Amino acid sequence: MKPSEFFDDFSQLLLKWRNPLPGRDLPWAFEPNPYKVWISEIMLQQTQATTVIPYYLSFIEKFPDITSLTEASIDEVLNLWTGLGYYSRARNLHRAAQQIADQHNGQFPTNFEEILALPGVGLSTAGAICALAFGHKAPILDGNAKRVYARSFCVDDEKDSQRTRRLWKIADACTPAEDCQKYTQNIMDLGATVCTPRNPKCEVCPVGSLCCAKSTNLIEKFPARKQRVIRKTKAVTLVVALDQCNRLLLERRPPAGIWGGLWSFPEYSDHIDNVQKWFWQNYTMKISIIQTWDPFHHDFTHFRLNITPLLVQIADSESHRFLEVDIDLVSLDKPL
DNA sequence: ATCCAGACCT
DNA sequence: AGGTCTGGAT
């Protein structure tokens with residue numbers, strides 16, 4: 001960790017900054033009203049300011065305060081959200097309003113823990129509300145702040161979790177107790193208008209004089225790309241086996257591993273020519289292949305599964321071994 | 001099409 | 001740490 005004066009310098013430079021760039025006179029700026037700060041921060045999650053503006057204005061018009069939002073139905077809220085995307089934000093907003101009514105007498109909570117406890121509010125959003133609405137010292141670490149800090153202090157940890165941990169420490173060290181509202185507004189603005197993902201305007205950056213990435217000419221290297229996941233590909237054949245009565249053979253998977261304990265088609269991974277022999281060995285049923293369906297893939301975090309469905313017919317004489325189960329009682333692992 | 005990133009949630 | 005949703009870049 002760098003000496004603390006270094007972070008103080010950063011704070012001072014950022015605090016002194018007056019954004020000369022146009023387009024940042026946003027309707028929610030400098031409204032120290034916790035309700036409006038909350039609404040705007042939620043809308044701004046994963047959504048650009050220019051997109052948010054009209055939604056924000058009509059939302060505030062329809063629901064000017066917590067009480068009006070508490071009394072609204074979820075349908076009314078979702079209706080105003082139509083077209084904005086990430087609709088769970090609207091559902092969380094509605095739930096949070098109920099929570100505020102139930103637990104805080106309809107008053108927006110003022111302390112960090114209580115704000116963080118609202119559905120849809122994570123660490124960064126809670127910090128933003130605390131800082132912007134109440135002027136409390138609270139760090140934020142949204143996408144913009146991450147980029148600004150990563151560049152200013154050349155944070156390049158390989159592992160994303162470590163990088164995030166370090167960035168939070170830096171955010172905490174830089175965030176001033178005095179003028180926290182202005183500081184928070186400025187770091188957001190800096191990331192949005194100057195320290196942009198591409199073509200950052202380093203010539204006009206207020207912290208350019210101490211920016212590590214700038215001084216080492218590595219601006220485009222920060223923030224470091226996430227460690228790419230090497231996704232191996234696994235190919236399996238899933239056997240869709242029907243008997244003469246068109247009943248489907250499913251089996252429960254082993255309790256551990258992929259789709260543990262779920263019902264699935266018999267999974268076969270060897271060469272297709274041997275599938276009849278394999279089926280006999282495992283199920284003592286004779287099958288005839290009807291057809292091979294087009295392969296499709298299903299992506300997991302660590303690998304891609306290429307699935308070839310194989311439609312087969314089970315010989316009639318074996319069908320007595322089937323156990324008939326109501327399909328509604330079976331937990332299937334994926335749609336067909 | 002595919003990959004990637006950014007928020008919160010479990 | 002992984003899942004989920006989604007928009008944007010390639």
Side-chain angles (χ1 to χ4, degrees), chain A residues 37-56 77-78 81-97 99 112-132 138-151 155-168 171 184 187-188 190-192 195-200 220-233 256-260 262 294-307 331 333-335:
Chain A
V37 170
W38 172 48
I39 302 297
S40 65
E41 285 304 317
I42 298 297
M43 286 189 166
L44 287 165
Q45 290 168 0
Q46 278 113 345
T47 313
Q48 291 176 353
T50 49
T51 311
V52 165
I53 291 171
Y55 286 91
Y56 174 80
V77 180
L78 281 170
W81 214 269
T82 305
L84 199 53
Y86 294 98
Y87 298 97
S88 61
R89 292 184 298 176
R91 285 185 278 272
N92 285 150
L93 219 48
H94 188 253
R95 279 206 294 140
Q99 188 165 319
F112 181 85
E113 308 301 334
E114 289 170 340
I115 295 171
L116 182 61
L118 299 173
V121 176
L123 279 175
S124 189
T125 303
I129 295 171
C130 278
L132 296 175
I140 66 160
L141 196 64
D142 65 352
N144 284 331
K146 264 186 173 170
R147 190 169 55 254
V148 171
Y149 289 131
R151 285 176 176 161
V155 177
D156 65 348
D157 300 57
E158 282 282 309
K159 274 192 76 181
D160 192 57
S161 53
Q162 280 176 28
R163 191 156 70 221
T164 301
R165 209 188 352 257
R166 189 196 296 254
L167 286 169
W168 271 113
T184 303
I187 197 159
M188 290 170 156
L190 188 68
C195 196
T196 46
R198 265 175 325 289
N199 307 317
E220 298 293 345
K221 292 270 182 212
F222 294 94
R225 271 194 293 274
K226 282 192 180 162
Q227 210 174 15
R228 61 147 180 252
V229 211
I230 314 109
R231 247 195 325 219
K232 284 176 261 188
T233 304
I258 175 179
W259 300 324
L262 298 177
D294 287 338
F296 61 95
H297 59 78
H298 184 80
D299 288 334
F300 294 87
T301 320
H302 295 302
F303 63 98
R304 160 172 291 194
L305 194 60
N306 278 326
I307 298 168
S331 44
D333 53 33
K334 65 168 116 37

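Everything numeric here is computed off the predicted structure, so don't read it as measured data. Every heavy atom of this structure was used, including side-chain atoms; hydrogens, water molecules and symmetry mates were not. Naming: A, B, ... by sequence-line order, numbering from 1 per chain.
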Nearest whole angstrom, please: distance from the C1' of B:dG6 to the CD1 of A:Ile140. 14 Å

Return the value, rounded to whole Å, for the distance between atom CE of A:Met188 and atom P of B:dA7. 10 Å

Rounded to whole Å, please give me the gap between NZ in A:Lys226 and P in C:dG2. 12 Å

What's touching nucleotides 6-10 of chain C from the protein side, N or O pairs under 3.5 Å?
residue	atom	partner	partner atom	Å
C:dT6	O4'	A:Tyr86	OH	3.4
C:dT6	O2	A:Tyr86	OH	2.6

Take the protein atom CH2 of A:Trp38 and the nucleotide atom P of B:dC8, then report the distance between them rounded to whole Å. 14 Å

Could you check if a side-chain atom of A:Leu123 sits within less than 4.5 angstrom of a side-chain atom of A:Leu141, using non-hydrogen atoms only? no

Between A:Asn92 (CG) and B:dC8 (P), how many Å, whole number? 10 Å

Across the strands shown, which category fits A:Thr47 at heavy-atom distances under 4.0 angstrom: base, sugar-phosphate, nothing? nothing

Any side-chain heavy atom of A:Tyr55 within less than 4.5 Å of one from A:Met43? yes

Looking at the side chain of A:Arg225, which of C:dA1, B:dA5, B:dC8 is the nearest nucleotide? B:dA5

Choosing from C:dA1, B:dC9, B:dC8, which nucleotide comes nearest the side chain of A:Thr125? B:dC8

Rounded to the nearest Å, what distance is computed from the CG atom of residue A:Asp160 to the C1' atom of nucleotide C:dA1? 11 Å

Separation between CG (A:Asn92) and CZ (A:Arg95), nearest 0.5 Å, reads 5.0 Å

Judged by nearest nucleotide, the residue sitting upstream toward the 5' end of DNA chain B, A:Arg147 or A:Val121, is A:Arg147

What one should report as the nearest heavy-atom pair of A:Arg151 and A:Thr196 is NH1-O, 2.8 Å

Which residue is it: A:Arg166, A:Arg165, A:Arg163? I am looking for the one with a side chain to side chain donor-acceptor pair (under 3.5 Å) to A:Asp157. A:Arg166

